[in-house]
There are 2 protein chains.
Amino acid sequence: MDAGSRLQNRTPRKRRKMQRVTMMDVAKLAQVSPSTVSLYLRKPAAVSPAAGQEIARAISTLGYVPNLVAGGLAAASSKVVSIIVPSIRNAFFAETVSTLQSELAAEGLQVILGHSEYGEDQEEALVRTALAWAPAAVVLTGLSHSPETRKLLRASGVPVVEMWEIGGEPIDMAVGFSHPQVGASAARHLLSKGRRRVAFLGARMQEDHRAAKRASGFAEEIGRTAGTASCAIINHPGAATVEAGSLLLNRAMQQVPNLDGIACSNDLVALGALFECQRQGIAVPDKIAVVGFGDLDFSASCIPSLTTIRPSGDLIGKEVARLILTGIDGGRPAGASRVIDTGHVLIERRST
Amino acid sequence: MDAGSRLQNRTPRKRRKMQRVTMMDVAKLAQVSPSTVSLYLRKPAAVSPAAGQEIARAISTLGYVPNLVAGGLAAASSKVVSIIVPSIRNAFFAETVSTLQSELAAEGLQVILGHSEYGEDQEEALVRTALAWAPAAVVLTGLSHSPETRKLLRASGVPVVEMWEIGGEPIDMAVGFSHPQVGASAARHLLSKGRRRVAFLGARMQEDHRAAKRASGFAEEIGRTAGTASCAIINHPGAATVEAGSLLLNRAMQQVPNLDGIACSNDLVALGALFECQRQGIAVPDKIAVVGFGDLDFSASCIPSLTTIRPSGDLIGKEVARLILTGIDGGRPAGASRVIDTGHVLIERRST
DNA sequence: GGAGTTCATCGTAGCGCTATGATACGAAAA
DNA sequence: TTTTCGTATCATAGCGCTACGATGAACTCC
């Protein structure tokens with residue numbers, strides 16, 4: 001078949017003609033070109049007030065909603081930030097994501113959420129789909145990722161922020177604090193209260209590397225002063241819950257005779273330990289001092305109120321947002337400012 | 001200037017040539033056409049095993065990541081579900097979102113998250129941007145929305161699921177339970193325990209309409225048996241926290257002499273009340289019985305363990321996912337199945 | 001008055017993919 | 001042998017928008 005006949009029987013195939021209102025419709029009604037409408041939408045100051053008003057009127061008359069998918073394709077970068085956290089059920093990450101979402105939304109960026117359930121393979125899959133959106137940035141939790149994940153992200157050229165942990169080599173940028181130092185702070189605090197027979201109660205530490213690092217920071221600091229013999233690290237394979245706290249306390253008491261202080265990887269665990277002490281009539285802090293981590297909602301109000309370490313998930317969210325936004329505005333921060341230490345604060349209350 | 005010269009000085013403008021690996025590159029390497037690659041990616045069974053293998057090899061060699069933005073534009077519907085909740089810090093919604101995200105991710109759908117902070121205007125803005133993504137579905141919380149929000153969503157033709165509440169006219173589909181009935185259940189339970197001088201402790205009830213409905217359901221049921229005189233509804237303008245629970249309990253005791261039972265709009269509030277009782281030496285449940293709502297992590301473990309109502313945020317998430325997925329597969333459910341009642345369960349523990 | 005300089009606006013080529021209908025090629029049926 | 005049918009593959013027209021460069025008109029400056 002020759003080109004002629006091929007051309008001949010080419011029929012203009014019709015496509016599901018969306019009756020979506022397009023920018024073209026707005027342009028026609030406002031008597032300007034589509035480019036002007038696009039320009040108005042992106043930088044209103046660049047079009048004349050007269051035209052601007054006309055366009056605004058047309059938009060509201062037609063109920064025009066811009067198609068960000070098309071915009072993203074044309075601009076080769078969508079107004080999307082992909083956030084991957086281990087679990088959104090975790091109050092820490094919920095707080096960070098919440099703050100981050102607010103800050104980014106204020107600049108017209110959407111948040112796409114994924115959770116990895118502490119699995120590196122799952123994280124890798126999430127990163128893969130995340131990149132498929134040509135996102136403005138990708139936010140990951142922690143510094144431990146599969147080599148493939150790092151490769152993918154590096155190759156993509158997309159700004160990457162790793163949050164909730166510093167102290168290693170970030171892929172691109174990092175915002176967080178040092179987990180070993182958190183453990184050490186807890187240890188020093190217990191030591192300062194004269195405790196020498198202590199334990200660290202953690203949950204899911206095979207997968208939650210950050211919790212594991214808090215534990216080893218704790219053990220190291222204790223070892224320096226009191227010797228390792230009197231420091232146990234107890235792990236609960238399941239999630240960090242109040243119930244896990246009860247179980248862990250009992251195991252700790254078995255393992256460390258005359259236990260007089262515990263640090264918990266999470267305030268929920270600490271609360272569980274507190275409840276268990278109450279149930280067994282163990283005086284807190286007289287007999288056992290308790291330090292938590294997270295400064296959750298209830299920590300100031302429980303009985304006794306909980307000494308804990310506040311990591312400021314909120315501040316992390318804000319800093320991540322700042323990093324992303326300055327990154328998008330052009331100059332990506334270089335050098336030292338690529339890693340931000342948000343620190344941690346020990347809040348002393350009645351439980352120690 | 002005539003058309004000729006216009007044509008003449010048209011230079012092929014170069015555009016920031018992304019060196020992104022495209023489907024075309026894969027096609028070239030695999031010696032097939034781009035359509036075949038696309039087809040393989042969408043329905044692998046439709047291409048021959050030989051071609052499929054060749055394509056798979058090319059994809060992995062090049063590290064090809066499909067561009068979902070382009071795909072979404074071409075297919076006129078992106079693989080995105082937009083979820084809008086009042087607050088992700090709230091454990092209820094965190095649970096639902098988490099479940100929903102997992103279920104949808106399994107089908108290749110992404111979740112875009114927004115939170116409205118209980119503001120209808122903010123919700124409207126979120127819906128507007130959500131629609132700009134041509135999402136596969138939009139998920140909202142509750143049945144109360146601004147008229148403009150309803151109009152936008154109806155006009156868009158996008159499947160809409162409203163969750164966490166039923167008992168009104170949904171925009172499209174709804175999954176949840178009746179909040180007045182939850183209040184009534186709590187009331188009946190307290191009445192069955194012989195309590196007659198009761199209060200409902202709520203937070204943020206101006207904005208949180210669902211909490212307000214639980215309160216009025218509670219008051220109504222109490223009024224039917226014990227008369228309204230002995231039932232107070234106390235509201236805390238701030239968020240539903242443990243601390244609010246303490247404050248609210250004190251106000252309730254002032255307002256209702258010989259208070260002997262409380263229902264709380266949230267387990268955190270109940271926990272605060274429990275702590276306050278402990279602090280003041282008020283016996284629970286002997287003197288005051290406490291019913292919560294939510295069955296949060298700590299509710300089974302606290303002292304005394306908390307009688308509460310479980311709304312199953314998890315189940316809601318699953319059902320919403322099911323509705324969305326069947327909707328996408330073609331036939332949108334009609335009639336009664338557009339509203340799913342996930343019910344609620346009262347879990348009796350030691351606090352009553 | 002002519003040459004520059006702004007400034008607002010416009011025309012249109014892609015962005016990378018999917019959907020549509022066409023087509024090539026065997027196998028089965030006539 | 002011819003016709004029909006099915007299957008695998010292909011070519012290409014958009015999807016709706018943004019970015020690029022062009023075009024005039026209005027000003028400014030010698």
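Lettering of chains follows the sequences in order, A, B, ..., and the numbering in each one begins at 1.
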*A:Ala74 side chain: which of D:dT18, C:dT9, C:dG16 is closest?*
D:dT18
_What contact category does B:Tyr64 fall into here, base, sugar-phosphate, or nothing, at under 4.0 angstrom with non-hydrogen atoms?_
sugar-phosphate
*Nearest to the side chain of B:Ala70, which nucleotide is it out of D:dC10, C:dT9, C:dG16?*
C:dG16
_Side-chain (A:Glu162) to main-chain (A:Ile171) donor-acceptor, under 3.5 angstrom_ = yes
_Using the rule side chain to side chain contact (heavy atoms under 4.5 Å, CB included), only one of B:Thr99, B:Val175, B:Leu100 pairs with B:Ile316; which is it?_
B:Val175
*Could you check which of D:dC10, D:dC17, D:dT18 has an atom nearest any side-chain atom of A:Arg42?*
D:dT18
*asked:* Check this for me: does the side-chain of B:Ser33 come within 3.5 Å of the base of D:dA11 through a donor and an acceptor?
replied: no
_Please compare A:Ala50 and A:Pro34 by the position of their nearest nucleotide in DNA chain C and report the one closer to 5'._
A:Ala50
*Between C:dC17, C:dC10, C:dA8, which nucleotide has the shortest distance from any of its atoms to the side chain of A:Ser48?*
C:dA8
_Please pick, from D:dT18, D:dG16, C:dG11, the nucleotide with the shortest atom-to-atom distance to any side-chain atom of A:Ser38._
D:dT18
*The side chain of B:Asn67 lies closest to which of these nucleotides: C:dA19, D:dT9, C:dC17?*
C:dC17
*Atom NZ of B:Lys43 and atom C1' of C:dT18: how far apart are they, to the nearest Å?*
11 Å
*Which listed nucleotide (D:dT9, D:dC17, D:dG16) is nearest to the side chain of A:Met23?*
D:dC17
*Mark yes or no for whether B:Ser78, through its side chain, and B:Trp133, through its backbone, hold a donor-acceptor pair below 3.5 Å.*
yes
_Using whole Å, what does the distance between atom C1' of nucleotide C:dA8 and atom CG of A:Leu41 come to?_
17 Å
*Can you tell me the distance, in whole Å, between the CG atom of A:Leu39 and the C1' atom of C:dA8?*
9 Å
*In whole angstroms, how far is the P atom of D:dC15 from the CG atom of A:Asp25?*
12 Å
*Between B:Trp133 (CH2) and D:dC17 (P), how many Å, whole number?*
13 Å
*asked:* Can you measure A:Arg20 atom CZ to D:dG14 atom P for me and round it to whole angstrom units?
replied: 19 Å
*asked:* Categorize B:Val32 for me: base, sugar-phosphate, or nothing, with a 4.0 angstrom heavy-atom threshold over every strand shown.
replied: sugar-phosphate
*Does a donor on one side chain sit under 3.5 Å from an acceptor on the other, for B:Ser116 and B:Gln122?*
no
_Trace of the side chain to side chain donor-acceptor pair (under 3.5 Å) decision for A:His145 with A:Glu123_ = CA-CA 8 Å; A:His145 315 287; A:Glu123 186 185 58; 2.8 Å; yes
*asked:* Does A:Thr22 reach a base, just sugar-phosphate, or nothing at all? Heavy atoms under 4.0 Å.
replied: sugar-phosphate
*Rounded to the nearest Å, what distance is computed from the CE atom of residue B:Met24 to the P atom of nucleotide C:dC17?*
9 Å
*Figure out the NZ/P separation between B:Lys28 and D:dT9, and round it to whole Å.*
20 Å
